[in-house]
Amino acid sequence: MVESSVPVVVPGGTGGVDDDLLEGLNPPQREAVTYRGPALLIVAGAGSGKTRVLTHRIASLLRRREAWPSQILAITFTNKAAGEMRERVGQLVGESARGMWISTFHSACVRILRREAENFGFTSSFTIYDSGDSRALIKRLVKDREAERFGLSPAGVQGRISRLKNELTDAAAFARQANLSDPAERLFSELFGDYERALQRANAFDFDDLIAQTVYLFRAFPAVADAYRKRFRHILVDEYQDTNAAQYALIHELTRPVVGAAEAYSSGGMMIFEPEHAPELEGASLTVVGDSDQSIYAFRGADIRNISEFERDFPGARVVLLEQNYRSTQNILSAANAVIGHNFDRKAKNLWTDSGAGERIVGYTGYSQHDEAQFVADEIEAIHRSGVDYSQVAVFYRTNAQSRALEEILIRAAVPYKIMGGTKFYERAEIKDALAYLTAVANPADEMALRRIVNKPKRGIGDVSIETISRFAADRGITFREALGHAGDLGVGPKLQTAITHLHGVLGAASEIMLPATGEVAPPTAVADGLSLLLGRSGYLDALRMSRDPQDEARVENLDEFVAVAREFARNNPDGTVIDFLAEVALVSDADDLDDASGSVSLMTLHTAKGLEYDAVFITGVEEDLLPHRISAGEPGGPAEERRLFYVGVTRARKRLYLSLAMTRAQFGEIASAVPSRFLQEIPADLVDWRQSPADLVRQAPPRFGGGSGSRGGFRNDTPALLPKSTSLDRFANKVPAKVRDNGDMELAAGDRIRHDDFGEGRVDAVTGEGAKRIAHVRFDSGAAKKLLVKIAPIEKI
DNA sequence: CGCCCCGGGATTTTT
DNA sequence: TCCCGGGGCG
């Protein structure tokens, strides 16, 4: 694409088989594809084509027969990224892409643990607790020990355990070094132990365990580890800046040389190198790709040092720097460079492009978050009319709560949008219930799952009865599930006995469908069929259908969709069991189904935005205390991480970038004034075209100014942080009515005149759409053209 | 046991 | 503002 005339020396190149893989790559990219050695660090700036480099590197290894597909392990952070990589490698090398492991850390570890579980006290049918499951469990444990009186909250305990696990500290190790004379410490230590034991009893792992236990496994059973070391000769890790200590340790274990000719270890039918007199085998070749400027997950244990000290960890490592950006305009890159340059203690890196300056960045300051949202909506409409597809537009924000105001306005402006992330499908209560039903069948040891569904729908089995069952099970040394089969011995009333027996029967029937006797193979439809049976015969669906809560209708639809997911799973995994299905569901994230946003504007948090790109990007709420977020201010490295987050957002934009903020923002139902983010001042002023700058508003606003209520910084050179007191701005704030009106029956046709609460009078040009989605195209007397959703727009006919 | 009302608390990001 | 949990009552 550029500099194609520069001759490139391919190290060790024989030419031929992979020439096309180097076509269109710049020199550093080519080196990243062709370098061969024990360790390679590719420092890939935003938009520098790292996925291309990574896929071409894998393809090159395969085409030159330097590796079999089965010798390649490529780790990504999301399943979506893994899928994309598999597909792109597939396009380059065809069928042989099939034998590779391209997956997330978590999925790869699940695969390993399933094979080896029997070696260390678990069974291979273990289930996976997501953070909600583990929170529920910890909550119960905290309650049992009355730990709240010592200031231990479930959330705090959960977070701390997670951090410890990510540092490979288990409960025993913690107890050894903890100050147990402090009662709170002692209690926490006990809770940690409780939690570990509860998981083990439930035959379950939480997210953090998946990594940590794999590391423990490798360390405790060197022969097992050697088998994987011999198998994986090329290990590639994407987003290396986001790895935590446990993941780092895992990579280290896998890339260790195999010492001595240990006898071959064969596990689960895995094909391994010939065992005969294996000589010492050097460690696998490791390639990591990352950008420390895009490290935004320190809060969950990612350690930026993993990448910044890579060369120290792997002496002799080659480092390749990719700085040429193929995504954004120079203006956008200059802004990004300037902002990130304010982080000290980083390796200098300068993104550049040869594609021209492009348009200036647009800034806008709203009076309120709704004013800001209106700007976003208007601007989206304007660029849409100029030919930009909605799917090429994204709106980012720091916190999920900010999406509400944007949604309200986008709905009214009839801009199609989709929220990425947010309340995830698999976190909806009804889906979690369905999952708990499946888990209750698949992993009878999991008492948490049974507790969750034992009274859903309502069967009259309350806390008291649950404890009765639990104690009964504990006394007899049987599982909770088995206890349900002894309803008559529980000492509960006849009504409850019937209910419990019925539930037990339903679970049993589902087990027969989904878990056939050993030797038999369940049909592919087993999971979906079993799920339907559970939801139907348990009365769960009926209860929702009988309800008059309109939300329950949506819940039924969600469950229908979930059954469809199970059928889809069967199509893709004909041999997949319930266990496999549950694992897959547990490990998919909201970031994984980002692409079904066709024809819609994408709304998401800045974190979710990582790895994506759009023609036009709006970053909203660029205010102090929001971006950077207030909570980060006190944390070491917090503000720097927030800056990286902002940097990630900026570098998502290809052609247009909008930065917006509001002078007032409703928080906890109160209206607070806001101060422009320091990040705005870090952008050279000539790059930004302020449609309405903060200074404009300060000048225009009514004269009762106050100080910036403890907020720091001023804005630009001329205006100190003068802020109107919130009382003087009341008339601007929250003009959107809280209650949605319903004009569903309003008759409207081209030619009608209407009055809009905000926009005044205008004439209807056309009405399109049907029913609740009827849209009026209105030209207002002010000259503005708007699309309005008739059903809810604040309009009346005149 | 379940429902309802009340008050308090909380609000970052997620494999 | 909204969500959750606790407590009281039917």
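Naming: A, B, ... by sequence-line order, numbering from 1 per chain.
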Of the options B:dT12, B:dT14, B:dC3, whose atoms approach the side-chain atoms of A:T605 most closely?
B:dT14
Nucleotide nearest A:H106 (side chain, heavy atoms from C-beta), chosen from B:dG2, B:dT14, B:dT15
B:dT15
What's A:F77 touching, base or sugar-phosphate or nothing? Going by heavy atoms closer than 4.0 Å.
sugar-phosphate
Quick one: label A:R630 by what it contacts on the DNA or RNA (base, sugar-phosphate, nothing), any heavy atom closer than 4.0 Å.
nothing
Return the value, rounded to whole Å, for the distance between atom CG of A:D206 and atom P of B:dT14.
18 Å
Any side-chain donor-acceptor pair under 3.5 Å between A:Q402 and A:T399?
yes
Side-chain contact check for A:N455: nearest option of B:dG2, B:dT15, B:dT14 is B:dG2
Taking B:dT13, B:dT15, B:dC1 as options, the one with an atom nearest any side-chain atom of A:R398 is B:dT13
Would you kindly give the NZ-to-P distance between A:K610 and B:dT13, to the nearest whole Å?
16 Å
Separation of atom CZ in A:R404 from atom C1' in C:dC3, rounded to whole Å
11 Å
Do A:D303 and A:Y248 pair up side chain to side chain, a donor and an acceptor below 3.5 Å, judged on atom types alone?
no
5′-ward residue of the pair A:S131/A:L496 relative to DNA chain B
A:L496
Counting N and O atoms only, with roles assigned by atom type, does the side chain of A:R451 sit under 3.5 Å from a partner on the main chain of A:I466, one being a donor and the other an acceptor?
no
Please report the distance, rounded to the nearest Å, between CG in A:L250 and C1' in B:dT15.
14 Å
Atom-pair distance (CG on A:D625; P on B:dT12), nearest Å
13 Å
Between A:G460 and A:D208, the residue closer to the 5' end of DNA chain B by nearest nucleotide is A:G460
A:Q294 (side chain) donor-acceptor with A:V648 (main chain) under 3.5 angstrom:
no
At under 4.0 Å between heavy atoms, what does A:Y297 touch on the DNA or RNA strands: base, sugar-phosphate, or nothing?
sugar-phosphate
Taken to the nearest whole Å, CG/A:D238 to C1'/B:dT15 is 14 Å
Roughly how many Å is it from CD1 in A:I500 to P in B:dC1, rounded to a whole number?
10 Å
Is the shortest heavy-atom distance from the side chain of A:I251 to the side chain of A:T243 under 4.5 Å?
no
With heavy atoms under 4.0 Å as the rule, sort A:K495 into base, sugar-phosphate or nothing.
nothing
For A:V454, is there any backbone N or O sitting under 3.5 Å from a side-chain donor or acceptor partner on A:R459?
yes
Checking contacts here: which listed nucleotide (B:dT15, B:dT13, B:dC1) is nearest the side-chain heavy atoms of A:N400?
B:dT13
B:dT13 phosphate, OP1 or OP2, under 4.0 Å from A:T608 side-chain N/O:
no
Nucleotide of B:dT12, B:dT15, B:dT13 approaching A:H607 most closely (side-chain heavy atoms)
B:dT13
Can you tell which of B:dC1, B:dT14, C:dG5 lies closest to the side chain of A:K139?
C:dG5
Over how many whole Å does the gap from A:E408 atom CD to C:dT1 atom C1' extend?
12 Å
At 4.0 Å (heavy atoms only), tell me whether A:L645 reaches a base, stays on the sugar-phosphate, or touches nothing.
nothing
From the candidates B:dT15, B:dC1, B:dT13, the one with an atom nearest any side-chain atom of A:S465 is B:dC1
Which of these nucleotides, B:dC1, B:dT13, B:dT15, is closest to any side-chain atom of A:V464?
B:dC1
